[in-house]
2 protein chains.
Amino acid sequence: MLEKSRRKGDDTRERILAVAEAAVLAKGFAGTSIDEIIAEVGITKSGFFYHFKDKSELAKGMMLRYLAQDRVVLDQLFQRGDDLNNDPLHGFLVGLKLFAEMFADLPGAHPGCLAASFAYQDQPFNRDIRALNSDGILAWRTRFRERFEMIAEIYPPKQKVDFDALADMAATLVEGGLVLGRMLNDSSVLPKQILLYRDFVQMIFSGGK
Amino acid sequence: MLEKSRRKGDDTRERILAVAEAAVLAKGFAGTSIDEIIAEVGITKSGFFYHFKDKSELAKGMMLRYLAQDRVVLDQLFQRGDDLNNDPLHGFLVGLKLFAEMFADLPGAHPGCLAASFAYQDQPFNRDIRALNSDGILAWRTRFRERFEMIAEIYPPKQKVDFDALADMAATLVEGGLVLGRMLNDSSVLPKQILLYRDFVQMIFSGGK
DNA sequence: CCGTCTACTGGACTCGCGGTACAGTCAGCC
DNA sequence: GGCTGACTGTACCGCGAGTCCAGTAGACGG
């Protein structure tokens, strides 16, 4: 039928993950039934359990997929920021602007974050998921902190700042912004918060303006 | 047995809500079964459904209880800040410090937020819940914006700031901080973010220091 | 051409949980 | 003494997760 590039099943697995992601972002993990997923993918229940031994394995697969996409998108974004401006501070500020625009331009209003979706789920499957989640956040922290250290060499901040906390602030605002966006049904919350964060970073490293 | 102050059932209802809140914060709403709640409260299923016609009504009751508590706690906190310092900026900054300390001193590491717990749930019951949630957030926004306007009269900010967004930033950091706290299993994330927010507000209104 | 492996289909069945229905109970109040 | 509020107890339904297992179509290798 379609392409039969690598394995036959890889394609089905990928389709399950894609369908599941859309459903979970729209209705939450608990609110998404397997029956519903397989109906959309066009397979049977047995087919589903051939690929994932249970629902938590599905969640794990979704997280891995999500984090990989996430990493690629973020890399591209801040790379573009640096391409447009080779000063580490201004490259970062451009990256943040692009980041805000990305969230502003998202089609379906409020996508939400898979990670957060899982963070507020029950314990059992969270052992594994939480580890993945944790790694994802820690990657952000490291990436941003290293950037701040680079920036600080050129623009020494007037007052001392905890770079780890400042790095975490980005992820915090994204997660919180998505939550507020959902609550208020207003997708402009998150981009505005990112831009405020941008102002904050700018103030810290280059004073007033 | 105990007090029989108002009605007999008010006490039971309250106990259901209290038990449910603890369970939901620990395991998520979907992960909390009615059977489990009634076992702990010591009533039967019929008794439960006498008080709440379904699980979404329970959620609604929990939200109302939660928002009421929230309002009281916040009022007290910022009132204390103002009592200690009658300048609107410094009173607010003290309030934020108390706020951060409150989260730092919480016993069970990461309590999470009921509101966020529900924000990532499925659609159906969310119509009602979302409205409550929305009202809660909007109340924060108004409260903080009014405060910023008061502060700005005395400390005109160097650059123009969107007070609504700056107000939302507090709620955003709280929600996001709770999410990150859960993911990283680190309850120090949220207080640190609040203190960063405090620094930001201070920089906006009184420049460097 | 045969056997094996992958990627499923089909169907039957279990269990937990949300939710319904409804009859009965018991204590307090007018 | 009857009504109401706050339940108990039991039986039942449907949905969704998950299990078991038998069968099969197609690719692939010898």
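The chains referred to below are lettered A, B, ... by the order of the sequence lines, with proteins before strands, and numbering in each begins at 1. Every value quoted in this text rests on a predicted model; they were computed, and no experiment measured them.
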Qualifying side chain to side chain donor-acceptor pair (under 3.5 Å) pairs, either residue in residues 89-103 of chain A, two or more places apart = A:D87-A:H90

Closest to the B:D54 side chain, choosing from C:dG18, D:dG18, C:dG19 = C:dG19

D:dC7 OP1/OP2 closer than 4.0 Å to side-chain N/O of B:T12 | yes

Please report, rounded to the nearest Å, how far the P atom of D:dT19 is from the NZ atom of A:K55.
-> 14 Å

Comparing nearest nucleotides in DNA chain D, the 5'-proximal residue of the pair B:G42, A:K53 is B:G42

Protein proximity profile, nucleotides 10-16 of chain C - base contact B, sugar-phosphate-only contact S, no contact -, cut-off 4.0 Å on heavy atoms = BB-----

Return the set of residues passing side-chain contact (heavy atoms from CB on, under 4.5 Å) with A:A170 (not counting sequence neighbours), or none when no residue passes.
-> A:W140, A:F144, A:Y197

Provide, to the nearest angstrom, the distance between the CZ atom belonging to A:R15 and the C1' atom belonging to C:dA7.
-> 12 Å

Student check: side-chain heavy atoms of A:K60 and A:F52 closer than 4.5 Å = no

State whether A:K192 and A:D186 are salt-bridged, where the test is any N-O pair (Lys NZ or Arg NE/NH1/NH2 against Asp/Glu carboxylate O) under 4.0 Å.
-> no

Are any of B:Y50's side-chain N or O atoms less than 4.0 Å away from OP1 or OP2 of D:dA6?
-> yes

Spacing between B:F49 atom CZ and C:dG18 atom P, to the nearest angstrom = 8 Å

Can we call the ring centroids of A:F118 and B:Y120 under 6.0 Å apart?
-> no

Starting from P on D:dT19, measure out to CZ on A:F52 and report it in whole angstrom.
-> 15 Å

When you check the phosphate oxygens OP1 and OP2 of D:dC7, does a side-chain N or O of B:H51 lie under 4.0 Å from one of them?
-> yes

Could you label the plane-to-plane angle of the A:F78 and A:F92 rings as parallel, tilted or perpendicular, counting under 30° as parallel and over 60° as perpendicular?
-> parallel

Salt-bridge contact A:R71-A:D75 (side-chain N to carboxylate O under 4.0 Å) = no

Between D:dA17, C:dG18, C:dT9, which nucleotide gets closest to the side-chain atoms of A:I43?
-> C:dT9

Nearest-Å distance, CZ (A:F48) to P (C:dA7)?
-> 16 Å

